[in-house]
Visitor: 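Sending over a structure as structure tokens; questions will come in a sec.
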Amino acid sequence: MATESDLAGAIASALAGLGVEVLPDEIRLERPQRLEHGDWSTNVALVAAKRSGRQPRALADELAAALMAAPSRHVEAVEVAGPGFVNFRLAPGWLHDALGEVVTEGEGGYAAPDLGHDEHVQIEFVSANPTGPLHVGNGWFASYGDALARIMGRTGWRVEREYYVNDTGGQIRMLGESILARRRREQVPEGGYQGEYVAELAEHYDGPEDVVAAGRFAAARILANIKETLDQIHVRFDEWYSQASIEESGQVAETIELLRGKGHVYEEDGAVWLRSTEFGDVRNRVLVKSNGDATYLAGDLAYHRNKFLVRGFDRVINVWGADHHGQVASLKAGVEALGVERDRLEVRLGQLISLVNGRMSKRAGHYVALSELIGILGPDATRLVSLLSSIDQATTLDLGKVTAESAENPVYYVQYAHARIASIGRVAAERGIERVPLEAADLSLLVHPRELDVLRVLVELPRVVTEAALERAPYKVTNWVRGLAAAFHGFYHDCYVMGEGVPAELTQARLWLVEAARVGLSVGLGLLGVDAPDSM
RNA sequence: GCCCUCGUAGCUCAGUGGAUAGAGCACCGGCCUCCGGAGCCGGGUGCGCAGGUUCGAGUCCUGCCGGGGGCGCCA
């Protein structure tokens, strides 16, 4: 934002003139919550007061006086308030400049800062075991991972989406046993999978009485179903990476040998251990059990060696449920032992989604299927409700409530704003009104509070996208989109674009405002993977 | 027992060192001669408790209480 950097520069030179030294990043401009505190505000006088040997208010007064002596563009007043804030009151022109930036840079260019510098990042998410249909908790993480990929993709990262398919090991055997038991019309064994889908799959299984064969058959069918469900909410992976392929290719043994060569492995009680405590773990971990089988950790390390050292990702982000918290320390230790800087592996733990009547469990068959939720809410609302809050927030899902609220769902509010914009375009076309070029429009006519509200929200988008990308927090985009929709609905209600008695010049200026709002909604919804419809 | 995480309005959640803590839902009342009323406007007793850090704490630190999760030669 041009205005923001103008102000920062003016503050820096004013402080220099006062003989106060500050670091560039100590000059922070923020948008005050309350309009009466101006359009921009800085707390630099509070931060630098002690160092300059002045009281905060005194320094603020001097700074304000210096800034008013040579005001920057658009500045109408500089005021000192509270303990020593310096507030800038700007003429509406700064928002008109901002409107110009939005529509000139457009959907592709506005709020697309290069933060990633082409770093190659893999985001691995969902990765639910193919032992049952996805539940709504998986859906939450699917929306999160996909939105994060979109946001980082917009801000300069090269992103790949990956799903790790856990298609081997004891759970597949257990799935096979459950299938076979069902086929024999017997009770599913202790610890087996109870869901209805197991019975259905058993009906279609006509292979041998072999747990592995039955397990693989079922896993393949389930995985196909998982892909279908994810496709419905527009979540598509670049890679479906098979755990079995890691094991069968000998990469597990190679990885253990690599670790052994680096001296991080020892033998004890007939097992092979990783000295993970040397890399921050609370205890050492077994890689190869005394019966000769590799542990899950060994496989996971082979997988991560593959990510970093074979495929060469600069950064890997794993999106996991909080129930995998216990794996983080040993995985990070192992990755570091492999010679990869530990910061290149990021594990985002999302809080679990629980049901009002208890935690979900695939084994017990107690869960709400994601496909069921999609069937009720539709893809867009499903995505939006799961992106409303931070994944750090544990949420309790009441299916009855979510569906009851669906008619009042926030997705309609936001999409309705976009549909209204499209509607304005249709009416303009009917009436033969064409938008003049931006240079020919007089944006200074936009002075209605509702108009300025819309622009004030639009100004925030670059900052919001930046925070969302750096903090891996897509819900910030959701909040922003809702705020823009609210501002637009207010504008739409109070300011007719083509109403009776609206001068032609004002219509033109408002058409540009509408276009800017369209760009904002379109960018925001695109980052969330939610459709921006022209009519509803 | 130890570790992680969360605790903000009746409910779902924003607010990650700033000024008088905000939205949505639900509830009550108002608003359509013109671009879509799935909209707009108005109505609020709330930061789990107790200390600490500093100009300033919902935010950072410590302890306690409460919810969730984790501490395997399971995956």
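The figures here come from the full heavy-atom set of this structure, side chains too, leaving out hydrogens, waters and symmetry mates. The chains referred to below are lettered A, B, ... by the order of the sequence lines, with proteins before strands, and numbering in each begins at 1.
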Visitor: Mind calculating the distance between CG (L388(A)) and P (G15(B)) to the nearest angstrom?
Guide: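 In whole Å, G15(B) P and L388(A) CG are 13 Å from each other.
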Visitor: Using a 4.0 Å heavy-atom cut-off, does E467(A) contact any base of the nucleic acid, only the sugar-phosphate backbone, or nothing at all?
Guide: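 Nothing, no nucleic acid heavy atom in range.
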Visitor: Look at all strands and tell whether H489(A) reaches a base, only sugar-phosphate, or nothing, counting heavy atoms closer than 4.0 Å.
Guide: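 Answer is sugar-phosphate: H489(A) comes under 4.0 Å of backbone atoms only.
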Visitor: Across the strands shown, which category fits D269(A) at heavy-atom distances under 4.0 angstrom: base, sugar-phosphate, nothing?
Guide: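 Contact class for D269(A): base.
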Visitor: Please determine whether a side-chain nitrogen of the Lys or Arg among K307(A) and E162(A) lies less than 4.0 Å from a carboxylate oxygen of the Asp or Glu.
Guide: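 Salt bridge absent between K307(A) and E162(A).
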Visitor: Would you mind telling me which of C35(B), U5(B), C13(B) lies closest to the side-chain atoms of S389(A)?
Guide: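 The answer is C13(B), which lies nearest to the side chain.
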Visitor: Determine which nucleotide pairs with C11(B), using a 3.5 Å limit on both distances of a Watson-Crick or G-U wobble pair.
Guide: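 For C11(B), the partner nucleotide comes out as G24(B), under the 3.5 Å rule.
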Visitor: May I ask you to verify whether the side chain of D323(A) and the base of G70(B) hold a donor-acceptor pair under 3.5 Å?
Guide: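 For D323(A), whose side chain was compared with the base of G70(B), there is no donor-acceptor pair (under 3.5 Å).
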Visitor: Under 4.0 Å, heavy atoms only, any strand: does R450(A) hit a base, just the sugar-phosphate, or nothing?
Guide: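 The answer is sugar-phosphate, as R450(A) gets under 4.0 Å only of primed atoms, P, OP1 or OP2.
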Visitor: So does T295(A) reach the base of C73(B) with its side chain, donor to acceptor, closer than 3.5 Å?
Guide: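 A donor-acceptor contact between them is absent.
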Visitor: Among G70(B), A75(B), A19(B), which nucleotide sits nearest the side chain of Q327(A)?
Guide: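 Minimum distance to the Q327(A) side chain belongs to A75(B).
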Visitor: Classify Y413(A) by what it touches in the nucleic acid, base, sugar-phosphate, or nothing, heavy-atom distance under 4.0 Å.
Guide: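 It contacts sugar-phosphate atoms only.
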Visitor: So what does N479(A) hit on the nucleic acid, given a heavy-atom distance under 4.0 Å: a base, only sugar-phosphate, or nothing?
Guide: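 Sugar-phosphate contact only.
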Visitor: Base, sugar-phosphate alone, or nothing: which one does S41(A) contact when heavy atoms must sit under 4.0 Å apart?
Guide: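 Touches a base.
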Visitor: Give R426(A) one of three labels, base, sugar-phosphate or nothing, depending on what nucleic acid heavy atoms sit under 4.0 Å from its own.
Guide: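 Here R426(A) touches the bases of the nucleic acid.
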Visitor: Would you kindly check whether a donor in the side chain of N87(A) faces an acceptor in the base of A19(B), or vice versa, at under 3.5 angstrom?
Guide: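 Result: at least one qualifying N/O pair found.
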Visitor: Take the protein atom CD of E430(A) and the nucleotide atom C1' of C34(B), then report the distance between them rounded to whole Å.
Guide: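 From E430(A) CD to C34(B) C1': 13 Å.
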Visitor: I'd like to know if the side chain of R348(A) reaches the main chain of W320(A), judged simply by a donor and an acceptor atom lying under 3.5 Å from each other, with no hydrogens or angles considered.
Guide: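 Side chain of R348(A) to backbone of W320(A): no pair is present.
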Visitor: May I ask you to evaluate whether K476(A) reaches the phosphate of C13(B), defined as a side-chain N or O under 4.0 Å from OP1 or OP2?
Guide: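 For C13(B), OP1/OP2 do not have a side-chain N/O of K476(A) under 4.0 Å.
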Visitor: Would you mind classifying the nucleic acid contact of R34(A) as base, sugar-phosphate or nothing, using non-hydrogen atoms under 4.0 angstrom?
Guide: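 The residue R34(A) makes base contact.
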